[in-house]
Structure formats: structure tokens, C-alpha cells
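Heads up: the structure comes next, in C-alpha cells.
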Amino acid sequence: MKTTVYSLSVALSLAALAVVSCSPKTPEGPDTVKQTISVFPTKVTFGSEAESTTITVTASGAWTASRSDSWVSVEPSSGTGNASVNISAGRNTTSDRSTEVVFAITSDKSVRATVSVSQPKAKEEEAKGIEPSPRAFDGNKRASTTYQLLVYSFADGVRSDKVGDFKGIEDNLDYLDALGVTAIWLSPSNKTSSYHGYDVDDYYTLNPLYSSDNTAAGAEADFKSLIDKAHAKGIKVYMDYVLNHSGRNNAWFQDVLSNPDSPYKEYYVLSQNPDADVAAGKIDNYGGAKDPGMGGWHSFTVGNKGYSGRLHFKVNWGTSSKTVTVTQTTDAAQSPNTSSPKVWLWYGNISSPVGLYETSSGVHEITIDFNSDWGFLVRSSATSWDNGTKWGAKAGAGSIVFGTPFTLDSSTAGDITFGGVTNNYFASFDTSMPDLNYGPYDKAKDSKAFKDIAASAKKWIDMGVDGFRLDAVRWIYQHGTNDANPEFLRQWYEECNSYYKAAGHTDDIFMVGEAWMDSHSQEKNYYKGIPSCFEFHYWYALRDMLNSGKAQNFVSTVSAFVSDHSAIRPDAQTSFFLTNHDEDRAGSDLSKNIKKMKQAGAILLTSPGRPFIYQGEELGYWGTKSGGDEYVRTPIMWDKAGSKTASKGVNGKVDTGMLTSAISVEAQDSDASSILSVYRTFSRLRNTYPALADGKMSATGITGASIAAWYMTSGSEKLLVIHNVASSTASVTVGDDMSRPIALLGSATVQAKKLTLGGNSSVVFEL
């Protein structure tokens with residue numbers, strides 16, 4: 001209670017204590033009792049803030065108090081005889097004000113005493129700018145922040161061939177350390193036939209292109225060095241592992257293509273009659289599904305597929321069905337038709353298709369000296385290879401019989417051969433990536449493919465790898481919405497984790513799956529198998545919030561993601577991210593708005609779970625897949641001149657309009673207003689405060705259409721996170737203490753309990 005300073009203008013005299021009465025004088029006598037009441041003091045002046053004081057009431061009997069204005073409170077408001085009465089007023093934010101409190105004898109209201117009360121208007125507190133003062137980072141990285149990097153386009157090391165490699169990553173570990181990351185996820189690093197590496201040719205061998213000397217042995221030495229140097233900086237290393245499929249050039253699959261008795265036939269999803277086998281439930285890879293949802297069957301023939309000799313080809317290009325009849329002949333060979341043919345043959349090693357002659361309506365023929373070791377195809381275009389212009393064998397029917405019409409198919413369009421055994425393999429993605437077969441999903445660990453690939457993973461665990469990002473786990477078994485894939489993943493995780501622990505590790509191996517599902521409710525089911533999955537729907541919610549400027553439901557949505565996963569397994573670690581190498585970049589989704597791009601990073605790094613930062617996101621990269629996947633896999637531009645950029649790692653497909661000197665690491669490194677600085681600031685904050693590193697998210701009750709606000713709590717530490725996601729200024733009332741700001745993006749002021757945030761501005765308070 002604050003003590004009021006009285007205005008003692010009323011003299012302490014008998015007059016001040018006199019009875020105030022409006023009654024006429026009457027003769028005094030034994031039956032007459034004179035009622036009296038008085039108060040002290042008779043005038044009270046409050047300060048502008050909430051205050052109270054005590055006055056003394058002296059009365060000869062029962063009395064009551066009344067007031068005409070509600071801003072004054074009187075307690076008690078009635079009594080008998082002498083009493084102490086509390087008079088109080090709240091903070092005055094309106095205008096100077098005054099009133100009276102009247103104390104009157106209950107039996108004779110004309111006998112009364114009055115207290116005059118006044119209070120000036122409070123002076124408005126000036127709005128003060130926020131100056132964050134976080135506690136010093138002690139060097140202990142508490143967060144679990146992973147940086148997704150593309151080995152081929154991150155940094156070129158000693159070879160200077162403009163292709164990223166392991167030494168390039170090692171040379172830039174200080175950059176990653178300054179960004180506050182605790183782990184790096186490397187794009188597929190095994191031997192491959194593509195730039196991206198998702199078609200694995202050898203699970204036991206690393207890509208020689210990533211070495212200092214262009215050898216597999218050199219790649220292993222460089223990889224081991226990278227792991228050791230990363231560990232010395234508190235950075236773990238995760239490999240991207242492809243369990244859904246291998247590459248077509250993998251030695252296992254090449255043996256299947258050439259050897260009818262290949263020991264690797266069990267490694268792949270094969271069928272001589274896919275339709276019948278799927279209908280009969282014989283395809284283990286389908287996991288009980290009848291429709292794979294994605295992918296298809298591709299035919300191949302083992303044995304004598306080709307032919308050399310003079311042949312006559314007759315193609316009946318009918319409207320309902322199309323056939324080709326091949327006969328052996330001694331007739332004279334013809335030159336290809338070059339006068340606008342409608343049908344062509346493609347075979348052997350020819351450089352351009354051979355045009356046929358239209359001999360009658362819809363009938364096209366030619367006699368040629370044929371030589372092909374794989375067979376032939378019929379085409380309705382000399383330039384296009386799309387299905388619909390390429391015609392061949394349907395699944396399970398690849399070999400012709402001379403003189404017998406062979407029905408052409410444009411959906412499967414397999415090679416038409418002259419013998420051998422025709423078979424089909426299933427691929428979820430394309431022909432270069434045949435799906436692996438693990439048998440019945442509840443016994444996957446007993447399959448030969450599982451054991452072989454697990455053995456390869458153990459090789460990298462022995463080398464020091466700390467975990468795996470698992471590619472396309474939605475498609476390992478085609479039935480992505482039942483327990484087939486989660487059950488497979490459970491066996492895989494337990495196999496790798498038990499080996500990891502047996503090697504002397506006290507923690508669990510980290511494993512995160514790319515369970516790209518239609519909904520969060522489908523994705524969360526995968527936590528039955530592994531401790532973490534990428535929550536794709538986090539970015540969708542964040543993107544829509546930033547683009548609309550409306551924050552409703554964001555906190556409850558994100559909190560539900562985490563709680564749903566934890567309900568399935570106690571060790572769940574929700575992996576949040578913006579975008580990755582398979583999506584249009586966050587910068588493009590946000591229309592290249594740098595304020596929104598900065599705030600997206602700040603929101604990610606103040607959210608719960610495990611954040612993943614995608615290569616270039618911290619520099620403000622944009623890009624879409626419309627021109628090819630390479631344009632969302634852009635190399636890091638290290639210097640203003642671009643001399644160190646690994647541009648050949650993405651086949652030279654680089655947006656030079658984006659990669660200007662201003663976006664380079666060199667330019668942003670010392671610029672406190674750069675997006676790189678924002679990522680570094682909020683990542684350091686996450687590593688400093690346990691409440692951000694591993695805290696729990698909860699709602700605050702702070703309301704505002706564009707305000708996303710939440711608490712992050714860990715133990716006794718509690719932080720208040722507030723983001724204004726609109727492009728315009730917004731003000732909110734905050735009941736919490738705002739005296740200790742620890743982070744600020746954009747602009748913010750505090751005035752009493754009012755917080756005003758500039759457009760796309762964020763602030764964090766320690767409570």
C-alpha cells in the first residue's frame with residue numbers, strides 16, 4: 001500500500017472537529033440525544049497511479065458512506081461509532097478528476113461529514129524501443145539443429161573442378177559452426193551414375209568424384225577426415241540412405257538383367273506376369289495394396305534378345321490396336337524413308353530412327369539389314385520418347401515369333417526382343433531406380449537385401465557416422481498408409497541402433513525419415529518405426545501464415561504435431577524445416593520477400609522440435625523446379641566474385657540472376673542486417689537457452705489477428721516468443737514482464753503493457 005501525502009489545508013482546530021449539522025437547535029433536555037459525526041482528514045489528494053489511504057471516522061452512532069463516482073472505493077462503507085476507513089483509487093488514465101465521499105448518520109442523514117478526493121491524470125509512459133540483451137553464449141551448443149547440404153554443390157575442395165566434395169565441406173566447417181549447427185545431413189554420397197546420387201550403384205563404396213584424387217579409396221580417406229574434424233567442432237554427420245531402390249547400374253541389378261540364375265533376383269521386385277501376381281497378392285512389395293499409387297513395371301529380357309540378318313517389318317497402324325509382324329527374308333534391302341514417314345523403327349546402335357513406307361492405308365513396311373543386341377521399338381515420332389509416341393512390348397510379353405503379328409503397347413513400351421526370358425521389374429520412380437524387395441514386411445530383416453544393405457550401413461557406422469536420413473520411406477512398401485513401412489522401419493532402426501550401441505555409443509543413433517504423406521495424421525504413424533520424421537505440414541502452415549498475415553491456429557497446430565508424435569513414442573523428435581531439395585524454395589514460396597524470408601528463419605529457430613536448415617536458406621536463396629531440380633539445389637556462393645562456386649555439381653544449371661555478389665557469404669558475413677545474420681543470431685539464441693533448445697511450446701492468451709505468440713519452457717526457464725506476421729504494424733497487450741528482451745528481428749516498442757511490433761517483426765523475452 002502506498003501512503004498518500006495529505007493536503008493539510010484544513011487547520012487542526014476545534015472547528016475542523018466540530019459537528020457538521022443542518023438540524024435546528026432545540027432545547028436540551030433529559031430526553032434529547034444530539035447525533036454527531038466527523039472525519040479526518042477532510043481532503044485527500046492521490047497521485048496518478050493506483051493508491052489508497054486511511055481516514056478516521058468519529059461518530060456517535062451508526063453511519064453509512066456514499067460516493068457519486070465509481071473510481072473511488074470505500075471500505076467499509078458502513079459502521080457504528082468510531083472507525084478507520086480505507087479510501088482507494090486505481091490508476092487514472094482519463095483526465096484530472098475529483099469527487100466527494102459523504103459519511104452520514106444512518107438515523108438522521110442530515111448529520112454528515114464530507115471528504116473531498118482528487119486525482120490528476122497519469123502521464124503517459126513513453127514508448128521505449130527494445131534493446132535485446134541475451135546472456136553470453138558459453139560455447140555449449142544445446143540445440144539439435146541440422147544443416148542439409150548437397151555434397152556436389154556445397155563447396156569445391158582441393159580439385160578445383162567446380163564440383164563439391166568432402167574436402168570442400170571440411171574446409172568450411174567454421175562456417176557451419178558459426179551458424180550454430182550441431183549436425184550435417186549429407187546428400188547421398190555412395191557411388192552413383194547421376195549428379196544427385198539417389199540411384200546408388202554401390203552401397204559399400206563412396207563417390208570417387210567427392211575425393212581429392214578421384215578414387216574410391218581417396219573418397220573414404222576424405223570422408224573419414226571430414227567426420228573427425230566435424231566431431232571436433234561438436235558437429236555430427238548423417239548420411240542420406242536410399243532404402244526404396246538401388247540404381248539400375250548397381251552390380252546386383254546388372255547381374256539380374258544378364259543372368260537368368262542371378263543370386264540377386266530376390267533383391268528386386270520381379271514378376272513375369274505383374275497383373276496376375278498383384279491380383280493374387282504375390283507381390284510382397286505392395287504390402288497388401290492393389291494399386292501402387294506411384295511407379296510402374298518395366299520389362300527386360302534375359303538371354304538371346306537380339307538378331308542379325310535381313311528382316312521385313314510390317315506395322316499395322318490400326319485405330320483399335322497396333323501390331324508389328326517380322327519375317328525373315330532374302331528380298332532386297334531398302335533405304336529408310338525420309339519423305340515424312342509416319343512410323344519409325346528404333347534398334348541397335350543407330351543414331352536416328354528408320355522411317356517406314358506407307359504401302360496402304362495404315363500399313364507401313366520396310367526391308368532392312370537388321371542388327372541389334374537388344375531388340376527394337378516402334379515410334380510414331382522421330383524426336384519424342386514420351387509414352388504415346390514410343391511403342392513396344394507390354395509387360396510380360398517381350399519376344400516376337402517370326403511371321404506372327406505382335407501387339408504393340410505404349411504404356412509399358414518394353415523392348416521387343418527375338419528370344420530369351422522376358423521379366424518385369426517394379427520402380428516407384430523411374431527406370432533408372434529399380435525398387436528393392438524385402439519380402440513380407442513383418443519379416444523384412446530376414447531378407448537378403450535387408451541384410452546386405454544393413455551390412456553396408458554398419459561400415460559407415462564403424463567409420464563414425466552418427467545417423468541416417470532415410471529417403472522415400474513412404475514407398476519402401478507400396479501400401480504407404482498401413483503399418484507395412486513403419487514395421488519395416490522399426491526393424492531397420494533396431495538393427496542399426498543395436499550395432500551403434502555395441503560399438504560403444506551411449507546415446508541412440510539418430511534416424512529421420514522422409515515420410516512425405518498427404519496429411520499429418522498419416523505421417524505420424526511412421527513414428528511407430530523411427531524416432532523422427534520430417535513434418536512437411538509445418539512449412540505449409542508457416543508459409544500460409546506469412547503470406548496471409550494471419551496467425552490463427554499456428555500455435556495449436558505446431559503444438560499438436562509434437563504432442564501427437566510424443567504420444568506414439570516417448571523418444572520422438574519432431575523434425576521441422578522450411579523446404580528441401582525436392583521442393584520449390586521457401587524464398588520463392590514467399591515471393592522473394594526478404595522480410596518474410598528472415599522471419600521464416602526466426603520462427604523455425606524459435607519453434608520446438610529439431611530444426612533443419614537447407615543449404616542456401618540462410619543466404620536468402622530462391623528457386624523453383626520448373627527448369628529442373630538443379631535450380632532448387634543451387635551451390636553456395638562463397639565469395640563476391642563467385643570463383644569458389646561449385647556450379648558444375650548441378651550441371652551448370654545456376655540462376656545467375658540470383659547468384660550476384662550481394663547474396664554471397666562474403667557480402668553477408670559482416671552485414672548485421674543480412675539474412676545470414678538473422679540465422680546466426682537466432683541459432684545462437686537456441687544454443688544458449690535450454691527453453692528454446694529442447695523446451696515445450698504452450699499458448700499465451702495474447703491475441704491479435706497477425707500475432708503468433710507462445711511460451712517455450714524447460715525446467716525453471718521460461719521464454720515468451722512473439723511474431724507479428726503481417727507486413728503492417730500491430731500492437732498487443734502483454735501481461736508478462738517485458739523488461740528482459742533477448743532477441744529482436746525488425747522493430748518493436750514497449751509502452752506500459754502495450755507491445756508494438758513492426759511488420760514481420762519478432763521478439764523474445766526472458767521471463
Side-chain angles (χ1 to χ4, degrees), residues 144-157 162-190 192 194-198 206-207 209-211 219 222-223 225-227 229-231 233-242 460 464-471 510 512 514 534 575 577-583 585-587 601 604 610-621 623 629-638 644-650 654 659 663-665 668 675-676 679-680 683:
S144 296
T145 304
T146 303
Y147 188 88
Q148 179 195 354
L149 64 81
L150 309 169
V151 181
Y152 50 84
S153 69
F154 182 70
D156 182 14
K162 296 290 186 178
V163 176
D165 49 46
F166 295 135
K167 281 296 181 185
I169 302 169
E170 183 179 313
D171 292 344
N172 290 284
L173 284 172
D174 285 342
Y175 172 80
L176 297 167
D177 192 36
L179 194 57
V181 303
T182 55
I184 51 177
W185 151 28
L186 310 181
S187 61
S189 303
N190 296 103
T192 181
S194 67
Y195 83 91
H196 54 71
Y198 284 98
L206 296 174
N207 191 343
L209 197 61
Y210 299 161
S211 71
D222 290 351
F223 189 49
S225 177
L226 168 61
I227 292 171
K229 297 289 177 56
H231 286 174
K233 292 184 177 295
I235 298 174
K236 295 183 176 182
V237 178
Y238 305 146
M239 290 183 76
D240 200 325
Y241 237 56
V242 187
W460 311 121
V465 165
D466 304 282
F468 298 96
R469 177 265 185 185
L470 305 180
D471 179 64
F510 179 67
V512 57
E514 183 199 18
F534 291 113
S575 289
F577 68 106
L578 304 185
T579 56
N580 65 24
H581 63 289
D582 285 326
E583 302 173 278
R585 279 193 175 270
L604 173 68
R610 293 180 62 113
F612 279 69
I613 300 170
Y614 176 41
Q615 172 180 312
E617 223 158 48
E618 77 281 12
L619 299 172
Y621 282 8
D629 288 347
E630 291 92 335
Y631 288 98
V632 299
R633 302 172 182 180
T634 303
I636 295 293
M637 186 172 181
W638 294 101
K644 299 179 181 180
T645 306
S647 55
K648 289 186 179 179
V650 286
V654 176
L659 287 190
I663 209 169
S664 67
V665 173
Q668 295 195 46
I675 188 171
L676 176 60
Y679 270 83
R680 285 175 173 172
S683 185

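FYI, side chains are in, hydrogens and waters are out, and symmetry mates aren't considered; it's all heavy atoms of this structure.
In this structure, Ile169 and Ile184 have side chains that are in contact, with non-hydrogen atoms separated by less than 4.5 Å. In this structure the side chain of Lys236 never reaches within 4.5 angstrom of the side chain of Thr146, judged on heavy atoms. Side-chain contact between Ile613 and Gln148 is absent, with no heavy-atom pair separated by less than 4.5 Å. The closest side-chain heavy-atom distance from Glu618 to Ile675 is not below 4.5 Å. Thr645 is not listed as a side-chain neighbour of Trp638, based on a closest heavy-atom distance of 4.5 Å or more. Under the 4.5 Å side-chain criterion, counting only non-hydrogen atoms from C-beta, Phe612 is not in contact with Leu578. No side-chain heavy atom of Val665 sits under 4.5 Å from any side-chain heavy atom of Asn172. For the pair Ser187/Leu149, no side-chain contact is recorded, criterion being any heavy-atom separation below 4.5 Å from C-beta on.
In this structure, Thr182 contributes its side chain and Thr145 its backbone to a donor-acceptor pair below 3.5 Å. Side chain of Tyr210 to main chain of Phe223: no donor-acceptor pair is present (N/O by atom type, distance under 3.5 Å, no hydrogens or angles). In terms of modelled atom types and a separation under 3.5 Å, the side chain of Asp165 and the main chain of Gly168 share a donor-acceptor contact.
Listed by chain and residue number, Lys625, Arg633 satisfy the salt bridge (charged side-chain N to carboxylate O under 4.0 Å, His left out) test with Asp629 (two or more places apart in sequence, or in another chain). Residues satisfying the salt bridge (charged side-chain N to carboxylate O under 4.0 Å, His left out) criterion with Asp471, sequence neighbours excluded, are Arg469. Qualifying side chain to side chain donor-acceptor pair (under 3.5 Å) partners for Asp222, counting only residues two or more places apart in sequence or in other chains: Ser212. Judged as a salt bridge (charged side-chain N to carboxylate O under 4.0 Å, His left out), and not counting sequence neighbours, the contacts of Glu170 are Lys167, Lys229. Residues satisfying the salt bridge (charged side-chain N to carboxylate O under 4.0 Å, His left out) test with Arg610, not counting sequence neighbours, are none. A search for ring-ring contact (aromatic ring centres under 6.0 Å, His included) contacts involving Tyr631 returns nothing, not counting sequence neighbours.
Considering every non-hydrogen atom in both Pro188 and Val242, the closest pair reads CG-CG2, 4.5 Å. Taking every heavy atom of both residues into account, Leu179 and Arg680 meet most closely at CD1-CG, 4.1 Å. Counting all heavy atoms, side chain and backbone alike, Val650 lies closest to Glu630 at O-CG, 3.4 Å. Smallest separation of non-hydrogen atoms from Gly620 and Ile663: O-CD1, 3.9 Å. Of all the heavy atoms in Tyr195 and Gly649, the pair that sits closest is CD1-O, 3.4 Å. Annotation for Val237 and Val465: closest pair O-CG1, 3.6 Å, computed over non-hydrogen atoms.
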Go through the steps to decide whether Lys648 and Asp156 satisfy the test salt bridge (Lys or Arg N to Asp or Glu O under 4.0 Å), and finish with yes or no.
-> CA-CA 10 Å; Lys648 289 186 179 179; Asp156 182 14; over 6 Å; no
Could you go step by step and tell me if Glu617 and Thr579 meet the side chain to side chain contact (heavy atoms under 4.5 Å, CB included) rule?
-> CA-CA 9 Å; Glu617 223 158 48; Thr579 56; 3.5 Å; yes
I would like to know whether Tyr238 and Leu186 meet side chain to side chain contact (heavy atoms under 4.5 Å, CB included); could you show each step before the answer?
-> CA-CA 6 Å; Tyr238 305 146; Leu186 310 181; over 6 Å; no
Go through the steps for Asn207 and Ser189 under the test side chain to side chain contact (heavy atoms under 4.5 Å, CB included), then give the verdict.
-> CA-CA 6 Å; Asn207 191 343; Ser189 303; 5.9 Å; no
Given the rule in the side chain to side chain contact (heavy atoms under 4.5 Å, CB included) test, do Phe510 and Asp466 qualify, once you have shown the distances and angles that lead to the verdict?
-> CA-CA 7 Å; Phe510 179 67; Asp466 304 282; over 6 Å; no
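Classified by interplanar angle (parallel below 30°, tilted 30° to 60°, perpendicular above 60°), the ring pair His581/Tyr198 is parallel.
Residues Gln615 and Thr634 have side chains that never bring a donor and an acceptor to within less than 3.5 angstrom of each other.
A ring-ring contact (aromatic ring centres under 6.0 Å, His included) with Trp185 is found for one member of Tyr241, Phe534, Phe468, Phe154 and no other, namely Phe534.
Summarising the geometry, atom CZ belonging to Arg585 is positioned 11.0 Å from atom CD belonging to Glu583; distances are rounded to the nearest 0.5 Å. Atom OH in Tyr152 sits 13.5 Å away from atom OG in Ser647 (nearest 0.5 Å). Summarising the geometry, atom OG belonging to Ser664 is positioned 11.0 Å from atom NZ belonging to Lys644; distances are rounded to the nearest 0.5 Å.
Ring to ring, Phe577 and Tyr614 are not that close: their centroids are 6.0 angstrom or more apart.
More than 12 heavy atoms of other shown residues, nucleotides or ligands fall within 6.0 angstrom of atom NZ in Lys162.
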